[in-house]
Amino acid sequence: MSLKETKYIWMNGEFIPWKEAKIHVLTHTLHYGSGVFEGIRCYKTVKGPAIFRLEDHIKRLYHSAETCLIKIPYSEEELCDVIVKLIKLNELEECYIRPIVFRGYGEMGLNPLKSPVEVAVAVWPWGAYLGEESLRKGVRAKISSYRRFPSNVLPSNIKATGMYLNSILAKVEALNHGYDEAIMLDFRGYVSEGPGENIFLVKNKTLLTPPEHASILIGITRDSIIKIAKNLGYKVEEVDITKEMLYEADEAFFTGTATEVVPICEIDGKKVGDGKPGKITLRIQSEYLKAVRGENPEYECWLTYVV
Ligand code: PPE
């Protein structure tokens, strides 16, 4: 599957044609992974396209930038406006939104402060992240031999470009073993997250998900799911989860902006529950998809309409 091109990309203050959004080969971030980014989705609703939790994603982008010593030369409001305008200009009803802040061409070497800060936003239609049938049929996952980095190696609660090499190695290892996705453990051996998604399990009708100290990115989808599940009357606990707890779970699922809510049917060749997408998982998935499409007024505060 190749990227679905759209008309315009916003780069350093201007809307330019997709094909012209280029960088120099000596761009600092290309060499050292010194950039930060976000992944946001915009969904079709009866009131037009709506961006899901835009302000929260942009807040996290600024937090990631600050941690990586980057000062973004635009305000949060300006970037939010750019995203709305870009979706309008590209005449999209639904899309994935990728803001990236990186160190450009200027100096080589590990001091990033000498290279200019550049900002770009691209939007394009992006279907199901873990495969067309993943939401309905679920996926098979493998516990990775790659661990998630502890916070004294890299703070896990930021989205920095270089950190994704760890995710890439885990992802490809899982694919090479015939699985759809990886599950990574933290440095202690407790369950952390997927390469690009958070993880939940269901045991005796209670939802469990790893806490912040398990080296996770505090997902915005994870937060939405916790609120949705509680509103549906389920208990949600943020606790350390062992590999055995995962194997013995009634249900399990991944959450993320790109992934949305995807049931996990098998882990390391063992069925999760009866090996089919769990009932509670599917109920939460359906509530989530209603929320993002503006079909539940309770969650409308999470939407930014593109008007
Ligand atoms: N953990 C990681 C490591 C991660 O990359 C994501 C998002 C999440 C958890 C879930 O976070 P949130 O989207 O706020 O619920 N991964 C993004 C990038 C995926 C990519 O391949 O690129 C995403 O889902 O947009």
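Note that the structure is a prediction, hence the values are computed from the model and not measured. Sequence positions, counted from 1, serve as the residue numbers for this chain.
- Interatomic distance, R188 CZ to S215 OG, rounded to the nearest 0.5 Å: 7.5 Å.
- Distance alone, capped at 3.5 Å, places no donor-acceptor pair between the T27 side chain and the T29 backbone.
- Judged by distance alone, with hydrogens and angles left aside, the side-chain atoms of T259 form no donor-acceptor pair with the main-chain N or O of T255 at under 3.5 Å.
- Residues F254 and Y129 fail the side-chain proximity criterion, which asks for heavy atoms closer than 4.5 Å.
- Interatomic distance, F52 CZ to I97 CD1, rounded to the nearest 0.5 Å: 12.0 Å.
- For the pairing with L217, the side-chain contact (heavy atoms from CB on, under 4.5 Å) check across R60, M163, R148, R222 returns one residue only, R60.
- Below 30°, between 30° and 60°, or above 60°: for Y299 and W302 the angle between ring planes is below 30°, a parallel geometry.
- Salt-bridge check for K203 with E248: failed, with every basic side-chain N at 4.0 Å or more from each acidic carboxylate O.
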Atom pairs and distances, side-chain donor-acceptor, residues 283-295, under 3.5 Å, sequence neighbours left out:
| residue | atom | partner | partner atom | Å |
| --- | --- | --- | --- | --- |
| R283 | NH1 | Y234 | OH | 3.0 |
| Q285 | NE2 | L135 | O | 2.7 |
| Q285 | NE2 | V261 | O | 2.8 |

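- Between the side chain of T6 and the backbone N or O of V123, at least one donor-acceptor pair lies under 3.5 Å.
- No path of Ile, Leu, Val, Met, Phe, Trp and Tyr side chains, each step under 4.5 Å between heavy atoms, connects I100 with L61, placing them in separate hydrophobic clusters.
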Run the salt bridge (charged side-chain N to carboxylate O under 4.0 Å, His left out) check on D268 and K243 step by step: do they pass?
-> CA-CA 10 Å; D268 289 348; K243 221 160 65 166; 5.6 Å; no

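- Not one N or O on the side chain of T209 forms a donor-acceptor pair closer than 3.5 Å with the backbone of E238.
- The backbone N or O of N204 sits less than 3.5 Å from a side-chain atom of D250, completing a donor-acceptor pair.
- Here the side chains of E107 and H28 are not in contact, with every heavy-atom distance at 4.5 Å or above.
- The CD atom of E251 sits 10.0 Å away from atom SG of C265, with the distance rounded to the nearest 0.5 Å.
- The main-chain N or O of L26 is found under 3.5 Å from a side-chain atom of H24 such that the two form a donor-acceptor pair.
- In the hydrophobic cluster analysis, where Ile, Leu, Val, Met, Phe, Trp and Tyr join through side-chain heavy atoms closer than 4.5 angstrom, I158 is grouped together with V153.
- The side-chain heavy atoms of P277 and R136, taken from C-beta on, include no pair separated by under 4.5 Å.
- Side-chain atoms of T257 do not come within 3.5 Å of backbone N or O of I40 as any donor-acceptor pair.
- Within the 4.5 Å cutoff, no side-chain heavy atoms of V191 are placed close to those of T242.
- Without hydrogens or angle criteria, N166 side chain to R147 main chain gives a donor-acceptor distance under 3.5 Å.
- P125 places a side-chain heavy atom less than 4.5 Å from the side chain of L92.
- Residues passing the salt bridge (Lys or Arg N to Asp or Glu O under 4.0 Å) test with K44, sequence neighbours excluded: E93.
- A salt bridge is defined here as a Lys NZ or Arg NE, NH1 or NH2 lying under 4.0 Å from an Asp or Glu carboxylate O, and R103 with E118 fails to meet this definition.
- Note that OG of S145 is 9.0 Å distant from CE of M184, once rounded to the nearest 0.5 Å.
- You'll find the side chain of L185 reaches within 4.5 Å of the side chain of I143, heavy atoms only.
- Remark: Y74 engages W10 in a ring-ring contact (aromatic ring centres under 6.0 Å, His included) (not counting sequence neighbours).
- Between the side chain of H31 and the backbone N or O of G109, no donor-acceptor pair lies under 3.5 Å.
- Counting heavy atoms from C-beta on, the side chains of E38 and Y62 never come closer than 4.5 Å.
- Side-chain N or O atoms of S167 include none that pairs as donor or acceptor with a backbone N or O of G196 at under 3.5 Å.
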Could you walk me through whether I51 and H57 pass the side chain to side chain contact (heavy atoms under 4.5 Å, CB included) test, one step at a time?
-> CA-CA 10 Å; I51 306 165; H57 280 282; over 6 Å; no

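- Residue I58 is grouped with residue I70 when hydrophobic side chains (ILVMFWY) are merged at heavy-atom distances under 4.5 angstrom, including chains of intermediate members.
- In this structure, the side chains of W18 and W124 come closer than 4.5 Å at one or more pairs of heavy atoms.
- Defined by atom type and a distance below 3.5 Å, a donor-acceptor pair is missing between the side-chain atoms of E55 and T304.
- Atoms CG and SG, from L154 and C68 in turn, are 8.5 Å apart once rounded to the nearest 0.5 Å.
- Between the CE atom of M108 and the OH atom of Y32 there is a distance of 5.5 Å, given to the nearest 0.5 Å.
- Annotation: cation-pi geometry not satisfied between K88 and F15 (NZ/CZ under 6.0 angstrom from ring centroid, within 45° of ring axis).
- Within 6.0 Å of OH on Y105 lie no more than 12 heavy atoms contributed by other residues, nucleotides or ligands.
- No side-chain donor from either of E14 and Y8 sits under 3.5 Å from a side-chain acceptor of the other.
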